[in-house]
Protein chains: 2
Amino acid sequence: MIPTDTHDTGTCQRISELLSRIGDKWTLLIVRALGQGPKRFSALKRELGSISQKMLTRTLRNLERDGFVDRKVTPVTPPQVEYALTPLGMDLFRPIAALAEWTFAHADAIDAARHAYDARHPDPDHRAA
Amino acid sequence: MIPTDTHDTGTCQRISELLSRIGDKWTLLIVRALGQGPKRFSALKRELGSISQKMLTRTLRNLERDGFVDRKVTPVTPPQVEYALTPLGMDLFRPIAALAEWTFAHADAIDAARHAYDARHPDPDHRAA
DNA sequence: CCGCATCCCGTCCGATACTG
DNA sequence: CAGTATCGGACGGGATGCGG
């Protein structure tokens, strides 16, 4: 039994909200990149490769709003903007790292479960051709 | 600095995938409910209150496919289906609980950051009227 | 260099209605 | 009781073009 009794429904939804935020397509990659040290906008974009400016800007804004990332604008020409993790942002990624290690450790168990399930359910429709 | 060097980009995306899955609207609530012991479909629906049958079914299916939940059908009339966490499912929610506690501990820091940000950015448009 | 605005598509999710 | 089918709105996210 999991000791869930310390977490009520409201707390649970709050966690879910956070998970949704950091579980999106780009957040983890961006934070990982910033974990190596402060980076400029273009450097991030280059490092992530396939991300669009729109999503990079939006994700950074969300991270900034939540207090995980700090945005420093140097008003020169051309403009120069540097992003860095805040202490809170670094702290967040301790439990995230734990989850990451769990995922890494159990990735093949999950894969196996999926394959077994798919084999048990020969339904060709809702699993892409 | 976060020790991210043990996690390459591929691993990072994998984690992101898992986070997206469990960070959806209902998964955590359902797992928390099942953490108290096996439950039947209707019992879950009653407990969660506002969830639709569609989402409950879909979420349970996903959890089952990933090997986190076991589905036991008792072919009587009326039909009877019971859901329970698998050992893998219970194990997963150790790191999740750690993250939950972090969230609980820092919830007001995040709120404060958001309010500060919103105050700094008096943009009435993209934040609901 | 950095970021915003627009268009557009796919997916998520809720509401409703129907079946074994 | 447990589940499926269908419709429709909301949102995420990519492509492109414009402006400090």
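The shown structure was predicted, so the numbers you read here are calculated from the model rather than taken from an experiment. Residue numbers begin at 1 in each chain, while the letters A, B, ... track the order of the sequences. Note that these values count all heavy atoms, side chains included, but never hydrogens, waters or copies made by symmetry.
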Considering only [options], which nucleotide approaches the side chain of [X] most closely?
{"X": "A:Gln53", "options": "D:dT16, D:dA2, C:dC1", "result": "D:dT16"}
{"X": "A:Thr57", "options": "C:dC13, D:dC1, C:dG3", "result": "C:dG3"}
{"X": "A:Lys54", "options": "C:dG3, D:dG3, C:dC7", "result": "C:dC7"}
{"X": "B:Arg40", "options": "C:dC4, D:dC1, D:dG14", "result": "D:dC1"}
{"X": "B:Arg58", "options": "C:dC13, D:dG14, D:dG3", "result": "C:dC13"}
{"X": "B:Arg61", "options": "C:dC13, D:dC1, D:dT4", "result": "D:dT4"}
{"X": "B:Arg71", "options": "D:dG3, C:dG3, D:dG14", "result": "D:dG3"}

Going by distance alone, is a donor N or O of one side chain under 3.5 Å from an acceptor N or O of the other, for B:Asp24 and B:Thr27?
-> yes
Between [X] ([atom1]) and [N] ([atom2]), how many Å, whole number?
{"X": "B:Met55", "N": "D:dA5", "atom1": "CE", "atom2": "P", "answer": "16 Å"}
{"X": "A:Asp24", "N": "D:dG14", "atom1": "CG", "atom2": "P", "answer": "10 Å"}
{"X": "B:Lys39", "N": "D:dA2", "atom1": "NZ", "atom2": "P", "answer": "14 Å"}
{"X": "A:Leu56", "N": "D:dA15", "atom1": "CG", "atom2": "P", "answer": "14 Å"}
{"X": "B:Glu82", "N": "D:dC1", "atom1": "CD", "atom2": "P", "answer": "15 Å"}
{"X": "B:Leu44", "N": "D:dC1", "atom1": "CG", "atom2": "P", "answer": "13 Å"}
{"X": "A:Lys45", "N": "C:dC1", "atom1": "NZ", "atom2": "C1'", "answer": "13 Å"}
{"X": "B:Ile51", "N": "C:dA15", "atom1": "CD1", "atom2": "P", "answer": "11 Å"}

Closest non-hydrogen atoms of B:Ile15 and A:Ala100, given as atom of the first, atom of the second and distance, are CD1-CB, 3.0 Å
What distance separates B:Arg32 CZ from B:Leu34 CG, expressed to the nearest 0.5 Å?
-> 11.0 Å
Check: A:Cys12 main-chain N/O paired with A:Ser16 side-chain donor or acceptor under 3.5 Å = no
Indicate whether OP1 or OP2 belonging to D:dG14 is found under 4.0 Å from a side-chain N or O atom of A:Lys25.
-> yes
B:Tyr83 side-chain N/O to D:dC1 phosphate OP1/OP2 under 4.0 Å | no
Does a salt bridge link B:Glu82 with B:Lys39, judged by any charged N lying under 4.0 Å from a carboxylate O?
-> no
Reckon B:Arg46 touches a base, only the sugar-phosphate, or nothing at all at heavy-atom distances under 4.0 Å?
-> nothing
